[in-house]
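Here's the structure, in structure tokens; my notes come after.
What you see is a predicted model; the values in this text were computed from it and never measured. Throughout, protein chains are lettered first and strands after them, A, B, ... in sequence-line order, and every chain is numbered starting at 1.
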2 protein chains.
Amino acid sequence: MAFVQNKPIGRPRGFDADEALDRAVLVFWAQGYEGASLDDLTGAMGITRTSMYRAFGNKDELFRKALTRYTEGPASYVGGALTQPTAREVATAFLAGAVGTGTEPGTPGGCLGVQGSLAAGESGRGARDLLAAWREEGVAHLRDRFRRAVDEGDLPAGSDPGLLARYLMTVANGIAVQAAGGATRDDLQQVAAMALLTWPPAARGR
Amino acid sequence: MAFVQNKPIGRPRGFDADEALDRAVLVFWAQGYEGASLDDLTGAMGITRTSMYRAFGNKDELFRKALTRYTEGPASYVGGALTQPTAREVATAFLAGAVGTGTEPGTPGGCLGVQGSLAAGESGRGARDLLAAWREEGVAHLRDRFRRAVDEGDLPAGSDPGLLARYLMTVANGIAVQAAGGATRDDLQQVAAMALLTWPPAARGR
DNA sequence: TTAATTCGGTACCGATCGGTGCCGAACCAG
DNA sequence: CTGGTTCGGCACCGATCGGTACCGAATTAA
């Protein structure tokens, strides 16, 4: 959009871009990148193809923006978990969030970052790689947080922050697959609790 | 195919159907149901569209047969794990198999049963539901095996076979997602080992 | 040989894919 | 008002989708 003195010129947009993006998130979440056609997307967003292209660029960019919106919305539990005071609470909140968002009524089961695109043909490679990087970024954030926990004595000195991070992400991804397949929230909460039984005790009795 | 006195009549097939199916498995595994086009499939199988339709029916049936072949081939570790003498060995073999097959060089990373179709548009619903059922079947087999383990005193009397089964499948699915994203075999072996730390001790000191 | 059957290749089907050209409508600055 | 800009709707693009009609080639039974 072009601006003159911080004010947009030309005909104003006839729809709320954020609201439309939220609808797109749900479609990508439920049907994956390749499985979501432009007709599916624009139909759910309530706008025409032309409006979508003007506002979001193309399907790839729409997916990127949808993933960002998903990260700030349904997947905000990740950022929330990272701010917990202890490593154990980080881990507990992370898995609880994965179960909660993955089995939230009214939204697709599972996680957009997993089922959005795991395997894809030529046209979906970009989305697939984007999501793989997204998951790795999550692992990196957890790992950094657990490094700090080791430094603070919140985790035993011998702990492997990278392993703990990948372990949690692996369980969370498995929870997403299970949720996409229809596993119940109760079942997955029990699974999450079981996965946390191995969590190392606090080093300094915290 | 029509037969007369146990012998096929008409022109004989010019390719090995099992070999072609193996190639199709690799394509579905790497690209998913919707991401694998008929040109991709027949190109890899080395046959024409017509031959594929004649030998396998259509894309859906080809996928079904590919899944069966995958179950008997790369995923045969599941059946192998179920025959282990103790519940702990079942669990260990199951996760080791998930890591091994998911990170086997020369084959796509991850698991066909997971990435073949987690989320899909209209045309991929059949494949998605088929795979969800396939995974649930795996859970059921594990659960039955662990029920027996409880009966045999191989697991503590208070154990929940259903929870143990879903826990293992969840971790295995997470391993598949991680492998599809490029996680290394070493990393995932450590994750699998960590997941097994929670495994209940044998009830009668086995 | 003749009849019956299946195989495999070509060429095609209608439908859908992601993406775009065009043009009137709606807004701004002057 | 005029000129400039963006928006949104329609119609359309070439490419690809899964699937098939047709026909000669290859085989068996008789």
Side-chain N or O of [X] less than 4.0 angstrom from OP1 or OP2 on [N]?
X: Arg11(B); N: dA25(D); answer: no
X: Ser51(B); N: dC7(C); answer: no
X: Thr50(B); N: dG8(C); answer: no
X: Ser37(A); N: dC17(C); answer: yes

Worksheet item: Mind checking whether Tyr33(B) and Phe63(B) have parallel, tilted or perpendicular rings, split at 30° and 60°?
Response: perpendicular

Discussion item. Within the 3.5 Å criterion, strictly below it, is a donor on Thr48(A) or Ser51(A) matched to an acceptor on the partner's side chain?
Written reply: yes

Is it true that [X] and [Y] have a side-chain N and a carboxylate O under 4.0 angstrom from each other?
X: Asp144(A); Y: Arg147(A); value: yes
X: Asp154(A); Y: Arg148(A); value: no
X: Glu34(A); Y: Arg125(A); value: no

Discussion item. On the side chain of Arg49(B), is there an atom forming a donor-acceptor pair with the base of dG18(D) - under 3.5 Å, no angle test?
Written reply: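 Yes.
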
Tell me the interatomic distance from [X], atom [atom1], to [N], atom [atom2], rounded to whole angstroms.
X: Tyr33(A); N: dC17(C); atom1: OH; atom2: C1'; result: 11 Å
X: Leu41(B); N: dC17(D); atom1: CG; atom2: P; result: 10 Å
X: Arg13(B); N: dT5(C); atom1: CZ; atom2: P; result: 18 Å
X: Asp40(A); N: dG18(C); atom1: CG; atom2: C1'; result: 13 Å
X: Glu34(A); N: dG18(D); atom1: CD; atom2: P; result: 11 Å
X: Asp60(B); N: dG18(D); atom1: CG; atom2: C1'; result: 10 Å
X: Tyr53(A); N: dG21(C); atom1: OH; atom2: C1'; result: 14 Å
X: Ile47(B); N: dT6(C); atom1: CD1; atom2: P; result: 18 Å

Discussion item. By nearest heavy atom, map Asp39(A) and Arg54(A) onto DNA chain C; which one lands nearer the 5' end?
Written reply: Asp39(A)

Worksheet entry | Residue whose nearest DNA chain D nucleotide is more 5′ - Leu38(B) or Pro12(B) |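 Nearer the 5' end of the strand: Leu38(B).
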
Discussion item. Need one value for Phe15(B): base, sugar-phosphate or nothing, where a base atom within 4.0 Å counts as base even if backbone is also close, heavy atoms only.
Written reply: sugar-phosphate

